[in-house]
Structure formats: structure tokens, C-alpha cells
Amino acid sequence: MQMENRRLCVEISEMGAEVTRIYDKKYGTEMLWEADPTYWKRHSPILFPNVGKTWHNTVLINGTQYPTSQHGFARDNAFQCIRQKADQASFLLSSSEETKEVYPFEFELIVTYTLESDALVVDWEVRNPGDEEMYFTIGGHPAFRFAGAGEKKTDYKLRFPGKDSLEYILVDMDEAAADPSKVYKLELENECCPVTEEMFANDALIFDGGQISEVWLCRKDGAPYVGMRCDGFPNFGIWSVKDAPFVCLEPWMGRCDDIGFDRELSEKPDVNKVAPGDTFRQRYTIMAGNQDLSLM
């Protein structure tokens with residue numbers, strides 16, 4: 001389905017409730033990655049009920065181990081469009097006998113997209129209709145393609161408003177899990193750092209501790225191309241593929257497992273908990289930038 005306002009045109013698929021297109025009409029640019037499988041076959045998947053990988057691809061829930069897949073199953077399931085207006089659409093995924101084979105909880109996941117001027121607001125609701133507390137992590141994974149043909153990572157930089165440095169950890173590629181024992185510092189100059197191929201040699205940069213509430217992907221001259229606002233998110237990932245002309249900005253409520261994490265899901269750092277009958281809510285916003293520096 002499609003939504004459109006004076007600035008943006010957005011397309012959403014019922015498969016995974018995934019945004020497949022964000023077109024900036026003002027500048028004539030396709031902002032969202034086109035899912036070219038040469039580099040990455042997705043646009044903007046929803047990560048649920050787990051972000052990233054779990055330790056040894058299993059999760060322990062109430063003493064029982066369940067198999068998991070990277071980033072969970074929501075991205076590979078069809079959602080039902082339950083509400084559609086000119087500037088808003090909502091999609092529902094409910095638990096089923098199939099989902100309970102890998103995730104035993106009753107749930108309703110509702111994803112709502114709303115166009116507001118030059119922004120796309122993404123709202124998540126996770127409802128617990130069951131009779132026990134449920135636990136999960138959830139995340140966004142939008143990939144933003146570079147605006148110009150032939151542009152590379154070195155044509156862009158990241159801006160973190162109000163920050164002079166950030167701390168991040170990396171994925172241990174041999175263990176396929178995060179290594180919190182090694183913390184790296186991302187030094188910023190005028191709130192910015194260049195984007196390079198080397199940044200992603202070990203998969204994603206993982207920022208814990210709620211460090212990032214706003215980030216912009218900017219042209220090398222400083223013109224803001226696309227931004228994200230994500231207040232209240234404890235974790236954030238920045239990822240790309242070698243030589244790929246895109247960067248993913250990923251707001252996470254919880255993240256992949258640390259090396260060796262084999263305890264109950266309820267004990268996982270930054271896991272989300274919803275009591276029976278309650279609803280978890282969170283949102284983030286994708287913002288189209290003002291690419292003309294002369295207008296700033």
C-alpha cells in the first residue's frame with residue numbers, strides 16, 4: 001500500500017509490515033535501500049521477537065530451550081492491514097500455533113506508520129493477551145541508500161547532535177555474539193564522524209546505554225540527508241555491507257546476545273517485559289533532511 005503527502009511518498013508491504021520505499025519528492029531522491037540482493041535483500045525489516053542473534057541460536061524460556069532465527073520471525077510473516085488512511089496505516093501480526101513452536105507467548109504486534117510533514121513516524125505496540133508475563137526485544141532496521149549514483153560511504157558522514165564522543169562495542173565474528181568486554185570510543189568533530197568501509201569490518205557498531213536519541217546521515221559538505229529520532233531506546237546499531245551504497249540506522253529495544261549468555265530470556269539485559277493484559281509502546285521517527293545548505 002502507498003501513503004503520500006506534499007514531501008514524501010511511502011510504500012509498505014504486508015509481508016513483514018516492511019516499508020519498501022521512502023521517496024523525497026522535494027529533492028527527487030529515493031531514500032530507502034531498494035533491496036538489491038547483491039548486497040542485502042531487505043529494505044527496512046521489523047526485528048521481533050529478538051534483535052540480532054541469540055547465543056547458539058536458542059533462547060531459554062521457563063526452562064525450555066526454543067530455536068531462534070536471526071532477527072526473529074516477524075520480518076518473514078504476513079501482517080494484516082487493520083487501518084488505512086491517506087496519511088496512516090496499521091498492520092497486525094498475532095501469535096499462532098506456528099509462532100508458539102519457537103516463541104511460546106501469546107502476543108499481538110501492531111505497527112503503525114504515520115506521515116507528518118517531512119517525517120515518517122513508526123509506532124510499535126506489543127500487546128499481551130495471555131496469562132503470563134512475556135519477554136521480547138524489538139528493533140528497526142531501515143537501510144538508507146545514498147542519494148547520488150556512484151556515491152560511496154566516503155561521500156557521507158554521521159552527525160550526532162549534542163555529542164562529542166560515543167562508546168560502542170562490536171560483534172565477535174567467530175562467536176556470532178556481542179563482546180561487551182572491549183569498548184571502543186567514537187570520537188566526533190563538530191558532532192560528526194566520517195563514514196568509511198572500515199567502520200563495518202566487524203558487522204554493526206553497537207551503542208548501549210541510551211546514548212543515541214538522534215542521528216543524521218549527512219552529505220560530506222554537511223547537508224543533512226536523512227535523520228532519525230529515537231528517544232528512550234537503550235540500544236542502537238549502525239551497519240552496512242562492504243562496498244554497499246547504504247547505511248542502516250537501527251533503533252533497538254534490546255539487542256543480540258552477549259558471548260556466553262545462556263540464562264533465561266527474562267534475565268537478558270534490556271529485555272522488554274509486558275504483564276498479562278498490558279501493552280508495550282515505543283516509537284521512532286525518520287526525517288527527510290534539508291539537503292540545500294544555502295537554505296539552512
Side-chain angles (χ1 to χ4, degrees), residues 2-12 17-34 43-47 85-90 111-124 138-148 151 153 155-163 166 188 190-193 195 205 207 210-233 235-240 245-253 281-296:
Q2 180 173 302
M3 301 190 301
E4 190 170 357
N5 65 7
R6 297 177 68 178
R7 177 70 186 270
L8 299 174
C9 177
V10 173
E11 296 179 5
I12 307 163
E18 183 177 9
V19 179
T20 58
R21 187 188 188 202
I22 304 176
Y23 177 69
D24 187 339
K25 296 157 68 173
K26 180 176 181 179
Y27 294 102
T29 54
E30 297 283 357
M31 296 165 56
L32 203 64
W33 174 241
E34 63 267 32
H43 307 269
S44 179
I46 297 165
L47 318 181
K85 300 190 294 186
D87 59 354
Q88 188 179 75
S90 296
V111 182
T112 299
Y113 298 102
T114 307
L115 278 176
E116 294 182 356
S117 183
D118 58 356
L120 176 66
V121 181
V122 184
D123 283 287
W124 298 324
I138 187 170
H141 199 324
F144 300 106
R145 73 186 299 275
F146 302 147
E151 285 189 327
K153 292 182 177 71
D155 293 307
Y156 286 82
K157 59 184 178 181
L158 291 164
R159 177 172 172 256
F160 303 90
K163 303 292 184 179
L166 295 163
L188 306 176
N190 297 322
E191 305 179 330
C192 296
C193 71
V195 180
L205 278 64
F207 301 85
Q211 296 178 75
I212 296 176
S213 58
E214 184 176 347
V215 57
W216 287 86
L217 181 62
C218 301
R219 296 286 185 82
K220 192 162 53 176
D221 62 5
Y225 172 47
V226 61
M228 180 176 291
R229 183 173 296 118
C230 50
D231 295 322
F233 281 75
N235 320 99
F236 198 93
I238 301 178
W239 176 79
S240 187
F246 68 79
V247 170
C248 289
L249 304 177
E250 306 182 38
W252 298 333
M253 297 295 296
R281 294 179 175 87
Q282 184 56 288
R283 71 164 42 179
Y284 71 93
T285 302
I286 297 170
M287 302 170 287
N290 185 349
Q291 299 177 46
D292 187 349
L293 280 175
S294 66
L295 299 177
M296 294 181 65

Inset, instruction - Mind listing the closest non-hydrogen atom pair of Pro251 and Trp124 along with its distance? - result: O-CH2, 3.9 Å
Inset, instruction - Determine whether Pro142 and Trp33 make a side-chain contact, defined as any pair of heavy atoms from C-beta on separated by less than 4.5 Å. - result: no
Legend entry - Step-by-step side chain to side chain contact (heavy atoms under 4.5 Å, CB included) determination, Trp216 to Val226: CA-CA 6 Å; Trp216 287 86; Val226 61; 5.7 Å; no
Legend entry - Note, Phe236 side chain near Leu205 side chain (heavy atom, < 4.5 Å): no
Inset, instruction - Grab the two heavy atoms, one from Phe207 and one from Ile238, that are nearest each other, plus how far apart they are. - result: CE1-CD1, 3.7 Å
Legend entry - Heavy-atom donor-acceptor pair, Tyr27 side chain to Tyr225 backbone, under 3.5 Å: no
Inset, instruction - Say whether, by atom type as modelled, one donor and one acceptor occur between the side chain of Glu191 and the main chain of Gly162 under 3.5 angstrom. - result: yes
Inset, instruction - Report yes if the side chains of Asp155 and Phe146 come closer than 4.5 Å at any heavy-atom pair, otherwise no. - result: no
Inset, instruction - Could you tell me whether a side-chain N or O of Asn190 sits under 3.5 Å from a main-chain N or O of Cys192, the two making a donor and an acceptor? - result: no
Inset, instruction - Please name the residue in the list Glu151, Glu34, His43 that meets the side chain to side chain donor-acceptor pair (under 3.5 Å) test with Arg145. - result: Glu34
Legend entry - Any donor-acceptor N or O pair under 3.5 Å, side chains Arg219, Tyr156: yes
Inset, instruction - Quick one: closest heavy-atom pair of Gln282 and Phe233, and the distance? - result: CG-CZ, 3.3 Å
Legend entry - Beyond-backbone contact of Asp87 with Asn5, side-chain heavy atoms, under 4.5 angstrom: no
Legend entry - Modelled atom types, side-chain donor and acceptor of Thr114 and Gln88, under 3.5 Å: yes
